[in-house]
Amino acid sequence: MSRRYWLMKTEPGEFSIDDLASRPGQIEPWDGVRNYQARNFMRDDMRIGDGVLIYHSRVEPMAVVGIAEVASEGYPDDTAWNPDCKHYDPKSTQEQPRWFLVDVRFIAKFPHPVTLRTIRHTPGLENMMLVQKGSRLSIQPLRRTEWDIIIKLGIPRKTE
DNA sequence: GCCAACGTTGGC
DNA sequence: GCCAACGTTGGC
């Protein structure tokens, strides 16, 4: 299977791209996801080296703010086993883990964040899951063409 | 901070 | 296995 591309949402008040960039090794387990579809992507479909766009939600401006990559295969999310954790789920056990995650490694921050508004107005991006009405999945697959367009917008090439 | 659109849960 | 009630998400 060739390299795939993903968009992962985060609320920067909880965890931002700057937090990711300042982690040891610039790597972070993407824990706390409690949605089955998103879980399935992490558990079944994501591969080391897949491209990830980091998206900041619930802030002004909402935007894709940089690039990361998938840095592990899926493995159980141990925060689901911790009663003190906000994302604790008593139905997830060591024997039968319900929730999975992948590690994500920082690659680059965009010089020009690509705002939701821009995404809405850019030809070629109209089919992104992000801009479909009612879509709120926190991990979304991207087409290669969409990845390319957003990278170009986020890291404008100097013409000289 | 509001609230519409979703997703999940659990009684029946 | 339906669906009402409840909880959550995330743009505004």
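Every chain is numbered from 1 and lettered A, B, ... according to where its sequence line falls, protein lines coming before strand lines.
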Just to verify, which of M8(A), K9(A), Q140(A) counts as forming a side chain to side chain contact (heavy atoms under 4.5 Å, CB included) with Y55(A)?
K9(A)
Picking from dG10(C), dT8(B), dG10(B), which would you name as closest to the side chain of S138(A)?
dG10(C)
Could you state the CZ-C1' distance from F15(A) to dT9(C), rounded to the nearest angstrom?
19 Å
In this structure, how many angstroms lie between the P atom of dT9(B) and the CZ atom of R34(A), rounded?
12 Å
Can you figure out which of dT9(B), dC12(C), dT8(C) approaches the side chain of R120(A) most closely?
dC12(C)
Between Q140(A) (CD) and dG11(C) (C1'), how many Å, whole number?
13 Å
For L137(A) and dG7(B), what is the distance between atoms CG and C1' respectively, to the nearest whole Å?
11 Å
Does the pair R23(A)/D19(A) count as a salt bridge with the N-to-O cut at 4.0 Å?
no
Could you tell me the separation between the CD atom of E11(A) and the P atom of dG1(B), rounded to a whole number of Å?
13 Å
Return the value, rounded to whole Å, for the distance between atom CD of E14(A) and atom P of dT9(C).
10 Å
Check whether any side-chain nitrogen or oxygen of K9(A) sits under 4.0 Å from OP1 or OP2 of dG10(C), and answer yes or no.
yes
Identify, between R58(A) and D89(A), the residue whose nearest nucleotide on DNA chain B lies closer to the 5' end.
R58(A)
So CE of M128(A) and CH2 of W147(A): to nearest 0.5 Å the spacing works out to 11.0 Å
Let's see if you can work this out: which of dG11(C), dT8(B), dG10(C) has an atom nearest to the side-chain heavy atoms of M62(A)?
dG11(C)
May I ask you to evaluate whether K86(A) reaches the phosphate of dG7(C), defined as a side-chain N or O under 4.0 Å from OP1 or OP2?
no
Do the side chain of R136(A) and the base of dT8(C) come within less than 3.5 angstrom through a donor-acceptor pair of N or O atoms?
yes
Touch class at under 4.0 angstrom, heavy-atom based, for R98(A) against every strand present
sugar-phosphate
Under the criterion side chain to side chain donor-acceptor pair (under 3.5 Å), which of H87(A), R34(A), R98(A) is the partner of D77(A)?
R34(A)
Are Y55(A) and dG11(C) close enough that a side-chain N or O sits under 4.0 Å from OP1 or OP2?
yes
In whole angstroms, the gap separating C1' of dG10(C) from CD of E60(A) amounts to 13 Å
So does R117(A) have more than 12 non-hydrogen atoms from other groups sitting under 6.0 Å from CZ?
no
Separation of dC12(C) P from L130(A) CG (nearest whole Å):
10 Å
